[in-house]
Amino acid sequence: MRYWLLKSEPDVFGYPDLERVGREEWNGVRNYQARNFLREMNVGDLALFYHSNASPPGVAGVARVVRTAVPDDLQFDETSPYFDPRSSRHDPRWSMVQVAPVAALPTFVTLDALRSLPELSDFALVRRGNRLSVLPVTPTQMQAVLRAGGTSIDELTAVGV
DNA sequence: GCCAACGTTGGC
DNA sequence: GCCAACGTTGGC
């Protein structure tokens, strides 16, 4: 199993929204590096759900990948802000996965708290100017964040993942 | 292939 | 609202 971090603006779609809808297409990613990470995801992978452009920013919950990458519909939708006129159905440029909620973290882990974790000193998220909306997370990093959030991988996977 | 201009992200 | 950092675009 691999671990990831997904950014979302809570004003647009926050972790509580994921719990409300039950599952969600992770579409609209328009960065090649982030897209490549989406394509590496497997069903069952866990992802930290990060609230960006929030006060405070931080990790609110954990999601699970429930479907691997397929072409992102929005790239073909002329009415969508994510429409990409240079993409073709023959060779789609952008991908999306589907995610479902696992659990809200008992303690919201703020960006400040993330910065204070020694295990995360090399993590791209806490480095200046990072803009990637999909990031890989190592098992050590995952454990550290979950511990700071008041849970653990064992606890999360015991609930039937 | 270079690189200036531009648009976007996201913390503050 | 500001602005630094970054990715992309497009003229040359």
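Residues satisfying the salt bridge (charged side-chain N to carboxylate O under 4.0 Å, His left out) criterion with A:Arg67, sequence neighbours excluded, are A:Glu25. A search for salt bridge (charged side-chain N to carboxylate O under 4.0 Å, His left out) contacts involving A:Asp17 returns A:Arg20, not counting sequence neighbours. Under the side chain to side chain contact (heavy atoms under 4.5 Å, CB included) criterion, A:Glu9 pairs with A:Val12, A:Ser52, A:Asn53, sequence neighbours left out. Under the rule for a salt bridge (charged side-chain N to carboxylate O under 4.0 Å, His left out), A:Arg35 has no partner lying at least two apart in sequence or in another chain. Scanning for salt bridge (charged side-chain N to carboxylate O under 4.0 Å, His left out) contacts around A:Asp77 gives an empty result, with sequence neighbours left out. Evaluation of the side chain to side chain contact (heavy atoms under 4.5 Å, CB included) rule for A:Pro16 yields A:His51 as partners, not counting sequence neighbours. A:Ser152 is linked by a side chain to side chain contact (heavy atoms under 4.5 Å, CB included) to A:Asp154, A:Glu155, counting only residues two or more places apart in sequence or in another chain.
Note on residues 138-150 of chain A: pairs passing side chain to side chain donor-acceptor pair (under 3.5 Å), not counting sequence neighbours, are A:Thr138-A:Gln141. Among residue pairs with one or both ends in residues 71-97 of chain A, those qualifying as ring-ring contact (aromatic ring centres under 6.0 Å, His included) are A:Tyr32-A:Trp94; sequence neighbours excluded.
Near-neighbour residues of DNA chain C inside residues 107-129 of chain A, defined by a heavy atom below 4.0 Å, number-ordered: A:Arg128, A:Gly129.
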Pairs under 3.5 angstrom, nitrogen or oxygen only, protein versus nucleotides 8-12 of chain C, please.
{"unit_1": "C:dT9", "atom_1": "OP1", "unit_2": "A:Arg86", "atom_2": "NH2", "d": "3.3"}
{"unit_1": "C:dT9", "atom_1": "O5'", "unit_2": "A:Arg86", "atom_2": "NH2", "d": "3.4"}

What pairs of nitrogen or oxygen atoms, one from the protein and one from nucleotides 2-7 of chain B, lie under 3.5 Å apart?
{"unit_1": "B:dG7", "atom_1": "N2", "unit_2": "A:Arg131", "atom_2": "NH1", "d": "3.4"}

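The aromatic rings of A:Phe49 and A:Phe13 are tilted relative to each other, their planes meeting at an angle between 30° and 60°.
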